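Quantities reported herein were computed from a predicted structural model and do not represent experimental measurements. For ligands, and for the atoms within them, numbers begin at 1 and follow the listed sequence.
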Amino acid sequence: MSEPSTPGPETLAIRTQTRRTAEKEHSTPLFLTSSFVYDSAEDMAAAFTDDSLDVNIYSRFSNPTVDEFVDKVCALEGAEAGVATGTGMAAVFSIFMTFLNQGDHILSASAVFGSTHTILTKYLPKWGIASTYFDMTRPETLEALIRPNTKMLYLETPSNPGLDIIDLAWVGEICRRHDVLYVVDNCFATPAVQQPIRFGADLVIHSATKFMDGQGRVLGGVVVGREELIYELYLMTRNTGPSLSPFNAWVLSKSLETLHLRMEKHAANALALAQALEGHPKLSRVKYPFLPSHPQHAIALRQMTNGGGIVAFELAGGVEAGRRFLNQLNMISRTNNLGDSRTIASHPSSTTHSKLSEKERLSVGITPGLVRISVGLETFGDILADIEQALEKA
Ligand SMILES: *Cc1c(COP(=O)(O)O)cnc(C)c1O
């Protein structure tokens, strides 16, 4: 007799269902309730003596719709447990507050999301927590930056917006050797493309706002990892209150059912766009993880199933050309979000990263003419045509 096979990732994303009510609804029910009732005073008392993740007391602590979203992310990332948060930044801040103490040091990739950079440099020092950066493009310098009080190593791969990639398994070995908590923001790849826990990450975080929602509707965040770590995080978040709304969890849970299908199409469109643009006379560089010209292409092939949905390119004409390009777009949206079914263009040096100095921008790979395209699901010819006509005039 053959062993029962484990369900595939698409099946897990579609069929993981935490609750079905007595109404026997087929689709995921939405438990839009702030609290839960008890049959007796004794049941109520018992719920409050139990700090487990299983009893529903109050939706700041747990909620069945939120649990379903978390269970799906755990299944997709290969994680034991998770906690959902109202935004990606709430997830980032909550892990810092749970696992870092006064006197600790965090070593972070320099190319991290802008608000993460602000927490590291502006707020953590208020609580006596020091941070330093390592350069994703010079991984050989990383290990020497670990200090005796380094508690956490934090990174994003591919990075935003430069699409730098680091060898997840190699970093995992360094973290184990130095007993450092290894945290990966997997927002750009999603678990459909890359599962950092397989490569040794202790905690994986997401802004669910991006590809997980996939249609630019709701904000959300999630942290998944080993049970004992998540339990500590849960005890912190149920008191500090960054909870995800059950409504947003319902939207996200339904969205995950199409994550693999969407990521395949995002990546197919992104690869075709990167290939079509490479060598364009107005561009000095096109960057995409699955282009052989990407500096860490071999690592990308090892740890990602496709190149993801983001393409970056550098306009030879610098800042002004970047602005002109954005202004010439007809269909493609000028907005800062990413991971939407609609193709989005942004120009980091004049928008998201304009508050950094030129030197700081360059140190994280943001050159003046860098444009980031979050490649959507429209007909490919329409995406390419809009970009080509805007490049003509840029
Ligand atoms: C957007 C984003 C975040 C923050 O998520 P929010 O949901 O906007 O709070 C964190 N990390 C990365 C890589 C992101 O793209």
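Under a 4.0 Å N-O distance rule, the pair Asp340/Lys210 does not qualify as a salt bridge. Using a 4.0 Å cut-off between charged nitrogen and carboxylate oxygen, Lys287 and Asp164 count as a salt-bridge pair.
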Would you list the atom pairs, donor with acceptor, under 3.5 Å between side chains in residues 79-86 and any protein atom, with sequence neighbours excluded?
| residue | atom | partner | partner atom | Å |
| --- | --- | --- | --- | --- |
| Glu80 | OE1 | Glu227 | N | 2.8 |
| Thr85 | OG1 | Thr87 | O | 2.9 |
| Thr85 | OG1 | Ala91 | N | 3.4 |
| Thr85 | OG1 | Gly221 | O | 3.4 |

Tell me which donor-acceptor pairs under 3.5 Å the side chains of residues 271-286 have, and how far apart each pair is, sequence neighbours excluded?
| residue | atom | partner | partner atom | Å |
| --- | --- | --- | --- | --- |
| Glu278 | OE2 | Ser293 | OG | 2.5 |
| His280 | ND1 | Lys282 | N | 3.0 |
| Lys282 | NZ | Leu391 | O | 2.9 |
| Lys282 | NZ | Glu392 | O | 2.8 |
| Lys282 | NZ | Ala394 | O | 3.3 |
| Ser284 | OG | Glu314 | O | 3.4 |

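Sorted by first and then second residue, the ring pair (Phe, Tyr, Trp, His ring centres under 6.0 Å) pairs involving residues 94-115 (not counting sequence neighbours) are Phe96-Tyr154.
Annotation: Tyr288 is not in aromatic contact with His294 [ring centroid separation under 6.0 Å not met].
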Could you pull out every N or O of ligand 1 that sits under 3.5 Å from a protein N or O, with the distance for each pair?
| residue | atom | partner | partner atom | Å |
| --- | --- | --- | --- | --- |
| ligand 1 | 5 (O) | Ser207 | OG | 3.0 |
| ligand 1 | 7 (O) | Gly88 | N | 2.9 |
| ligand 1 | 7 (O) | Ser207 | OG | 2.8 |
| ligand 1 | 7 (O) | Thr209 | OG1 | 2.6 |
| ligand 1 | 9 (O) | Gly88 | N | 3.1 |
| ligand 1 | 9 (O) | Met89 | N | 2.9 |
| ligand 1 | 11 (N) | Asp185 | OD2 | 2.6 |
| ligand 1 | 15 (O) | Lys210 | NZ | 2.7 |

